[in-house]
Amino acid sequence: MSKISRRDLLQYIGAGGIGAVGGVLYGEGVQRKVELLIPQVIPPEDYSPGVATWYNTVCNQCSAGCGITVRIREGQAKKIEGNPVHPVSQGRTCARGQAGLNVLYNPDRIKTPLQNVGQTGAGHFVDISWDEALTTVGGRISRLKIEGKASSVRLLTGQVRGHLDELFAQFMGLLGSEHYQQYDFTYPGTIRAANRISFGVDQLPYYDIKNADFLLSFGADYLGTWLSPVHHSLAYGHLRQGRAGQRGKTVQIEPRMSLSGASADEWIAARPGTEGLLALGIANAIVGAGRYLGSDRDQWSNALQAYSPSVVSGKTDINEDIILRVAKEFSENKSSLAIAGGAAAAGTNAVATVVAVNALNYLAGNLNQPGGAIFNSNSAFSATSSSNQASFQEMLELIDAMESGEVEVLLVNDTNPVFSLPDNVGFRKAMEKVALVVALSSFHDETTQMADLILPTSTYLESWGDDVPDPGVGFPVASISQPVIAKLYDALPVGDIVLQMARQIGGELPVSMHWASMEEFIKDRWREEYTSRAFDGEDQDFEAFWRAALEAGVWGQPGAMDSGPSVPSSASMIAAITDPESKFAGSESDYAFVLHPYLTATFLDGRGANLPWLQEMPDPMTSVVYGSWAELNPVTADEMGIREGDILDIESPAGSIRIPALIFPAIRPGVVAIPIGQGHAEYGRYAKDRGVNPINIVAPLMDDQSGDLAWAATRVKVKATGERLHIIKTGGVSRTLGRQILGPANDHA
Amino acid sequence: MFDHGQPTYAEVNKDILSTMLETGPKYWILLGSTMSLAGIFFFMPWIYQLFVGVGAAGMNHNAVWGTYLSNFIFWIGLSHSGTLLSAVLHITNSPWRKSIYRSAEAMTLFSLITAALFVMVHLGRVWFVHWSFPIPNQMGLWPNFRSPLMFDVMAITTYLTASTIFIYMGSVPDFAAVRDASTGLRRRLYAVFSFGWRGTAREWHTLGWAYTFFAVFVIPLAVSVHSIVSWDFALSAVPGFHHTIFAPYFVTGAIYSGTAGIVTVMYCLRKFLNFERYIGQVHLDSLGKLLIALSLIWSYINVLELFSTWYGGTSFELEALSFRMTGFYAPLYWEMILFCAFVPLLMLTRKIRWSWNKMLVISLLINIGMLTERFIIVATSQPRKFLPDAFGFYVPSWIEISITIGSFGIFMTLFLIFIKWVPSISLYEVKETLKPLRRDA
Amino acid sequence: MSISVLEALEPAKKPAMLVLMVVVGLFVGAWVHGKYFSDRSPIQPIEFSHRIHATDNSIHCQHCHIYADKTPVAGVPSVSKCMGCHNSLPSVRESTEILKLATYWENREPIPWIKVHDLPDYVHFTHKRHVKAGLECQECHGPVETMDRITRVATMRMPWCVDCHTERNVEHGRDCLTCHK
Amino acid sequence: MSTIVEKFRQYRKPGYYEKFDYHWTMTIDLDRCTGCEACVVACQAENNIPIVGEKQYALNREIKWIRIERYWEGEYPNIKMNFMPMLCQHCDDAPCETACPVFATYHNQDGLNTQIYNRCIGTRTCAVYCPYEVRYFNWFTYTWDEPLEQQLNPDVSVREKGVMEKCTFCIQRIRIAKDLAKDDDRRRVRDGEVIPACVQSCPAEAMLFGNSNDPEAKVTKMMNNSRGYTVLEELNTTPSIVYLKKAHS
């Protein structure tokens with residue numbers, strides 16, 4: 001190789017230098033970014049990093065009262081599962097229960113007390129301190145109390161059970177206001193009323209689906225939304241495959257196939273509002289065919305003679321031999337059970353319908369029998385009252401009171417009447433007339449929007465409380481809910497807010513409501529219960545019992561089957577049978593369709609709409625996500641030339657909405673079904689301005705016996721607007737196209 | 001074989017080298033526009049996609065493969081006739097090859113590069129693409145040799161290398177010619193390129209021998225490459241992909257579109273570099289005949305596919321087929337049938353076969369047809385597989401469309417650069433075809 | 001064969017040489033960086049010396065890193081733990097570093113230690129299994145008890161893990177799911 | 001070389017996995033399934049599955065490791081609905097495994113069809129080859145609105161853009177169970193010690209999970225039920241999930 005000139009050498013060195021610099025820079029580039037290692041300042045005792053701990057508490061996503069257990073790691077809640085030892089959930093959870101974590105960690109939670117500075121409803125809120133907030137409320141109320149206008153203070157809350165209910169009652173009682181009411185759209189008031197009439201007991205029996213052989217459901221979506229879905233699902237699984245060589249049968253009667261209808265062996269779409277008639281028709285067939293051998297069969301046949309299958313068949317538009325067959329199966333099976341709920345129990349005939357269904361249970365002789373309707377003798381705790389539940393009628397009275405200015409202070413806790421009452425009854429407008437509306441809520445919904453003062457409440461995963469599941473599980477049960485993580489934000493558990501308000505108001509309130517915190521109150525009450533009633537089987541001292549109860553999250557007496565009321569005489573039942581045919585708002589000629597709003601397993605009455613997981617969960621029946629839709633029968637749709645996604649104008653005597661159409665093969669022609677839950681004007685980023693709320697066009701009819709809202713008794717007219725909208729759903733082609741996906745066709749195992 | 005009388009050796013050099021040595025503003029404008037086409041339509045959207053994720057494209061859960069892959073196949077296909085054709089024709093030593101094979105091979109090279117780029121664009125995490133090469137690494141992890149994609153990586157890289165060598169070797173004497181015709185830096189550069197070619201008998205002999213060897217070597221390679229590409233699809237169970245006919249189908253399609261591509265390129269060379277003298281009727285005619293033959297084979301295979309599907313009679317295949325023929329993309333399907341099966345039949349008449357303009361139109365139509373063919377294969381089959389409830393749908397997003405357009409920019413840019421660096425017609429082979437001249441002429 | 005390649009390549013020699021130099025430079029630069037400027041031994045907020053604790057006062061590792069044999073993470077001692085001892089050590093209470101500690105404690109602030117042994121988030125390493133398998137801390141962390149400032153001796157990268165798993169033929173030790181999930 | 005040949009020969013042999021400790025298997029009783037989708041949300045909670053948002057959902061980019069498929073039968077009024085939980089079948093002869101060029105997905109000794117996120121380069125071939133369409137691609141790097149990210153499960157990696165993901169049979173839970181088994185010097189995990197999130201949540205107890213190499217395991221017994229079948233049997237993927245056909249009274 002020839003010798004290198006000086007100039008070249010320098011160039012080579014230069015090149016090398018450039019390379020070296022590049023190399024160093026590369027090294028800098030690939031270097032990991034600095035991570036910090038932050039130690040605890042003072043480690044909590046039950047803390048070890050990387051290992052999960054589980055805390056038991058109670059789910060509050062619906063009123064079933066499932067026991068849940070929450071997985072905690074490094075002080076954060078990671079997962080909700082069913083509490084294995086809890087008799088209601090038995091270790092299982094529904095989708096809504098799982099999504100409880102979205103409630104806890106929801107980005108749209110209210111973080112501090114807020115005061116409305118603009119005019120009502122405008123939503124100009126400013127942060128204030130708790131002292132400020134509490135003094136405002138406390139001062140106002142105590143003044144009213146002194147002026148002797150305590151009864152102008154109203155407390156409206158969502159369904160509350162256990163000792164929180166007692167706390168509320170005590171608070172209002174001491175205040176001297178008799179106006180403590182609960183309002184929950186899903187509350188089965190009609191069923192209770194019917195049971196009062198038929199059996200003389202004001203409670204929900206334990207429907208022992210688990211041991212039933214034949215389940216006849218009149219509109220009750222027991223797997224999705226009715227009373228205690230998780231418990232019912234467990235029971236359903238057992239009914240199907242739990243017993244060797246014996247598979248229970250289920251029949252569902254409803255105009256639009258619900259989750260339970262989908263799982264039923266037989267789905268019967270009776271004409272809406274005639275479910276009660278059908279029940280009586282079946283009863284008639286049973287008695288008529290001499291399958292009921294009670295001493296009182298003559299009275300029954302007299303009472304039922306007007307409802308011969310042929311007549312009923314005509315009215316319900318159900319083939320007569322179907323009625324006869326169902327009647328046969330119902331009476332022949334060892335343990336048959338009939339339940340009613342959903343739309344069937346939400347007509348102007350709701351109570352009459354449920355009474356008719358109760359009659360069926362009586363005729364099947366399943367009362368207080370395994371696989372039948374078993375009555376709890378509310379023996380768990382004294383604290384399960386339903387007396388405070390406001391019917392629709394009572395809500396109307398409240399609205400009048402507000403309108404007429406009788407209401408000075410309205411305390412609203414964890415309920416959203418502005419959303420779950422029809423627009424036309426004017427709850428929203430009435431709120432403007434109230435001098436001081438105080439909303440206790442974790443989220444910003446339509447009702448808090450109208451408030452003058454918002455007190456942020458901690459979620460159920462951060463609060464103390466207890467609960468007695470209703471309906472029970474056949475034996476005494478009570479569950480404790482405890483905070484599973486340190487509370488987020490500057491919010492307080494409802495109970496603590498009440499106690500603090502009591503302190504603010506002064507007088508005898510703080511004296512008798514002396515507890516420092518909800519925790520203390522609950523523990524105190526449990527001590528009382530513990531001492532007052534000899535808890536058989538617990539011979540240890542209270543502290544030990546308390547610790548055990550906390551650990552288990554539930555206390556109960558399995559095996560100690562309740563001795564419910566003895567089977568009542570049929571006289572009252574027979575007397576109670578009235579013609580159960582629902583009346584509808586709007587004439588059939590002008591309003592061709594029956595509106596069938598239904599609770600969804602996803603959002604229930606809309607309280608789940610702000611949870612992203614639920615928004616992203618495909619609707620079980622239609623696989624639609626994000627938004628709402630109106631279901632039409634394919635044939636009807638064809639006749640009207642409507643395709644999926646056509647925006648419909650649905651008009652009822654009470655108002656009208658615009659909503660995209662969805663062709664749903666399992667719905668009765670002449671019925672248009674709309675899910676409840678979407679259509680929030682407020683309620684956080686995930687729910688706001690999404691879909692429509694069918695309750696708004698529900699005519700304010702009510703059941704004439706219970707005074708509950710007849711939300712399934714509205715007729716509507718449907719017409720296409722010509723506009724279209726892309727309905728988001730996961731399902732592609734929902735037919736098997738002859739492919740053997742659901743199993744080999746040949747064998748019938 | 002020369003339409004306008006036979007040129008002298010000197011003229012050949014002059015005509016062809018002038019295209020390299022003399023560069024007018026037209027060229028720069030053209031180059032600039034193609035480069036900006038590539039930059040704006042291909043690279044900018046791609047960079048955007050790299051930042052946000054492949055979600056920028058229109059693909060979704062049911063159609064995870066999209067336009068990127070169909071374009072990948074298209075470009076691989078386009079690459080086919082270049083090297084393959086030139087090799088075949090070289091062995092069968094048909095004289096009319098000599099003036100077109102250089103640019104044909106260049107076409108191979110550049111469409112392969114474009115195709116490779118599409119793989120990169122397709123990948124979700126292209127920054128880890130090296131994991132798919134069998135490079136020894138500390139993690140002790142190797143690629144999965146059972147994966148058809150792995151076959152692909154192998155096949156394409158081999159093919160790329162082989163055709164590069166092939167074209168380079170073929171142009172060594174011409175590099176020498178350039179060296180002799182030029183001065184200064186270029187001269188030194190081409191001295192390197194030409195490996196100091198001096199044109200001794202020995203060198204000529206070695207070259208000829210090596211060239212023939214490579215020609216033979218490249219043919220099976222070319223065939224294998226597209227067969228392997230087809231296996232990416234055929235090895236899956238997806239209805240519409242799962243056909244044993246796929247390998248020959250793809251190869252035929254590839255050569256088909258490639259040949260059509262050559263016609264287009266010929267046309268351009270002729271027009272813009274005025275090579276009328278070297279690229280003449282005879283080439284057009286023979287290419288035309290070749291195209292007819294290919295189109296017939298192609299149609300046959302399509303019919304065969306329909307038949308085997310119908311005969312197989314499984315719900316899956318039938319559904320896939322019926323969707324292809326009557327579903328949303330049916331218009332595209334029939335357009336493909338029209339352009340690739342019927343339009344070429346026009347070339348049966350000499351009038352059309354001998355007209356440059358008509359041939360240009362036909363060749364373009366064929367390639368449009370082939371482009372859509374690949375798109376249909378990808379877009380209609382895999383969104384509708386076995387579980388009807390999971391049936392989905394695919395429409396390309398604007399990003400995919402723009403990248404597709406941009407890819408042509410890349411191809412053209414490379415080609416434009418090529419014609420300035422390599423004699424786009426083989427000097428020495430053209431000279432071989434010249435009748436020897438009298439000394440005193 | 002007599003193609004005169006060599007002299008033909010003559011003009012290419014210099015550019016080639018330059019490129020070569022750049023490449024060589026790259027490697028040198030990268031090596032230098034790794035050797036002298038890497039993140040293997042960062043300066044910590046408190047100049048904590050493992051030598052003083054582990055060797056001079058022969059405190060056992062798990063006296064401070066209490067979770068090492070119980071949980072996936074070894075755990076860095078809480079500030080209260082540090083103070084627990086140092087309150088009762090008048091000898092060193094006045095030294096500057098201990099005063100730093102004291103201030104953290106008084107402000108009830110955690111000490112922002114800089115992580116030296118850091119793994120990517122998709123690696124789910126567990127100390128517990130390794131300690132229970134009888135590994136000495138030093139096998140991965142090096143002779144910590146001799147270090148005044150903690151320094152990473154191992155690369156803590158996948159090949160390093162895999163090699164060890166292979167040598168000791170850990171049951172299914174090379175299954176990806178052993179660490180990645 | 002011979003060893004490799006040997007290995008592949010073994011691989012082909014049916015029952016190859018039986019020489020290992022576990023063959024994780026799931027049974028789904030369609031007669032119990034009510035389509036309530038508790039499993040869907042449970043999975044989302046357990047496995048850090050992103051909230052893709054309405055826009056992406058509309059483009060069909062949702063991520064659901066387990067989904068419920070719906071199949072109608074007949075027409076009104078005699079119409080029936082069939083629910084069909086669909087998740088990764090962990091096939092013994094999985095089409096996806098041959099597809100991946102970088103071994104990001106392969107079959108491990110526990111009969112699991114693995115998906116190694118940090119190895120995936122995103123060719124998406126596995127998803128095309130999968131007949132069950134249960135592989136989901138991360139089209140973007142998804143984020144969680146503050147403070148939702150506090151819920152993320154630290155035992156599961158959060159996936160970045162450009163990688164494929166799918167059901168892992170809750171590998172993190174399997175690992176924890178194995179870890180505990182090792183603690184008390186057991187070689188094997190006992191039946192019922194590992195329960196994936198979906199199985200755990202199922203309110204109708206339709207799902208069952210266990211080691212089918214253990215003849216005593218509940219799942220093994222359930223597999224042999226006369227109603228048992230595997231989906232798309234004709235494709236010979238030999239799935240690890242056995243469905244129990246809907247029964248009739």
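- Between the side chain of D:Arg32 and the main chain of D:Met207, no donor-acceptor pair closer than 3.5 Å is present.
- Using a cut-off of 4.0 Å between Lys/Arg side-chain N and Asp/Glu carboxylate O, A:Arg240 and A:Asp265 are scored as salt-bridged.
- Both the backbone and the side chain of D:Ala42 come within less than 4.5 Å of a heavy atom of chain A.
- Of all residues spanning residues 135-147 of chain D, those with a heavy atom less than 4.5 Å away from chain A's heavy atoms are D:Asp145, D:Glu146, D:Pro147, arranged by number.
- Using a 4.5 Å cut-off between heavy atoms, A:Arg685 contacts chain D through its side chain alone, with no backbone atom that close.
- Counting only distance, with no hydrogens or angles, the side chain of D:Gln150 and the backbone of A:Ala77 share no donor-acceptor pair below 3.5 Å.
- At a 4.5 Å heavy-atom cutoff, the contact between A:Met257 and chain D is made by side-chain atoms alone.
- With hydrogens and angles ignored, the 3.5 Å screen pairs a side-chain donor or acceptor of A:Asn333 with a backbone N or O of A:Glu329.
- Neither the backbone nor the side chain of A:Ile80 comes within less than 4.5 Å of any heavy atom of chain D.
- Judged by distance alone, the side chains of A:Tyr626 and A:Gln678 never bring a donor and an acceptor atom under 3.5 Å apart.
- For a residue to count as touching a neighbouring chain, one of its non-hydrogen atoms must lie under 4.5 Å from one of that chain's; by this rule D:Ile68 does not touch chain A.
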Test salt bridge (charged side-chain N to carboxylate O under 4.0 Å, His left out) on A:Glu266 and A:Arg325 and set out the steps. CA-CA 12 Å; A:Glu266 194 167 355; A:Arg325 195 182 74 251; 2.2 Å; yes
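- Under the 3.5 Å distance criterion, the side-chain polar atoms of A:Arg247 are left unmatched by any main-chain donor or acceptor of A:Gln241.
- Heavy atoms closer than 4.5 Å to chain D are found in the side chain of A:Asn633, but not in its backbone.
- Both the backbone and the side chain of A:Lys249 come within contact range of chain D, each with at least one heavy atom under 4.5 Å from a heavy atom of that chain.
- For D:Glu193 and D:Arg186, the salt-bridge test passes: some basic side-chain N is under 4.0 Å from an acidic carboxylate O.
- The cationic group of A:Arg256 lies under 6.0 Å from the six-membered ring centre of A:Phe664 and within 45° of the ring axis, placing it in a cation-pi geometry.
- The minimum heavy-atom distance between D:Met223 and D:Val242, with the atom names listed, is CG-CG2, 3.9 Å.
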Go through it in stages, so that I can follow the logic: the residues are D:Asp155 and A:Lys79, the test is salt bridge (charged side-chain N to carboxylate O under 4.0 Å, His left out), and I'd like the CA-CA distance, side-chain angles, deciding distance and then a yes or no. CA-CA 12 Å; D:Asp155 297 335; A:Lys79 179 87 164 57; over 6 Å; no
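- Using a 4.5 Å cut-off between heavy atoms, A:Arg690 touches chain D through its side chain atoms alone.
- A donor-acceptor pair shorter than 3.5 Å cannot be found between the side chains of A:Tyr236 and A:Thr250.
- Using a 4.5 Å cut-off between heavy atoms, A:Val733 contacts chain D through its backbone alone, with no side-chain atom that close.
- A side-chain donor from one of A:Ser260 and A:Asp221 sits under 3.5 Å from a side-chain acceptor of the other.
- By the 4.0 Å N-to-carboxylate-O rule, A:Arg735 lies close enough to D:Glu75 to be salt-bridged with it.
- When heavy atoms are compared at a cutoff of 4.5 Å, D:Cys39 does not approach chain A at all.
- The contact between A:Pro618 and chain D is made by backbone and side chain atoms together, counting heavy-atom distances below 4.5 Å.
- Interatomic distance, CZ of D:Arg67 versus SG of D:Cys167, reported as 12.0 Å (0.5 Å rounding).
- With a 4.5 Å cut-off on non-hydrogen atoms, D:Leu244 does not touch chain A at all.
- Heavy atoms closer than 4.5 Å to chain D are found nowhere in A:His231, neither backbone nor side chain.
- Interface remark: A:Arg668 contributes backbone and side-chain atoms alike to the contact with chain D (heavy atom separation under 4.5 Å).
- For the residue pair A:Gln98 / A:Gln61, no side-chain donor-acceptor distance below 3.5 Å is found, with atom types taken as modelled.
- With a 6.0 Å radius and a threshold of 12 heavy atoms from other residues, nucleotides or ligands, D:Lys218 has its NZ atom at or below the threshold.
- No hydrogens or angles considered: nothing links the side chains of A:Gln252 and A:Tyr222 as a donor-acceptor pair under 3.5 Å.
- Within residues 52-59 of chain D, the residues having any heavy atom less than 4.5 Å from a heavy atom of chain A are, in residue-number order, D:Val52, D:Gly53, D:Glu54, D:Tyr57, D:Ala58.
- Looking only at side-chain heavy atoms (C-beta outward), A:Lys210 and A:Leu234 stay at 4.5 Å or farther from each other.
- Both the backbone and the side chain of D:Tyr71 come within contact range of chain A, each with at least one heavy atom under 4.5 Å from a heavy atom of that chain.
- Heavy atoms of D:Asn60 lying under 4.5 Å from chain A are absent altogether.
- Contacts between A:Asp213 and chain D at a heavy-atom distance below 4.5 Å are absent for every atom of the residue.
- For a residue to count as touching a neighbouring chain, one of its non-hydrogen atoms must lie under 4.5 Å from one of that chain's; by this rule D:Val199 touches chain A with the backbone only.
- Residue A:Arg73 touches chain D through its side chain alone, counting heavy-atom pairs closer than 4.5 Å.
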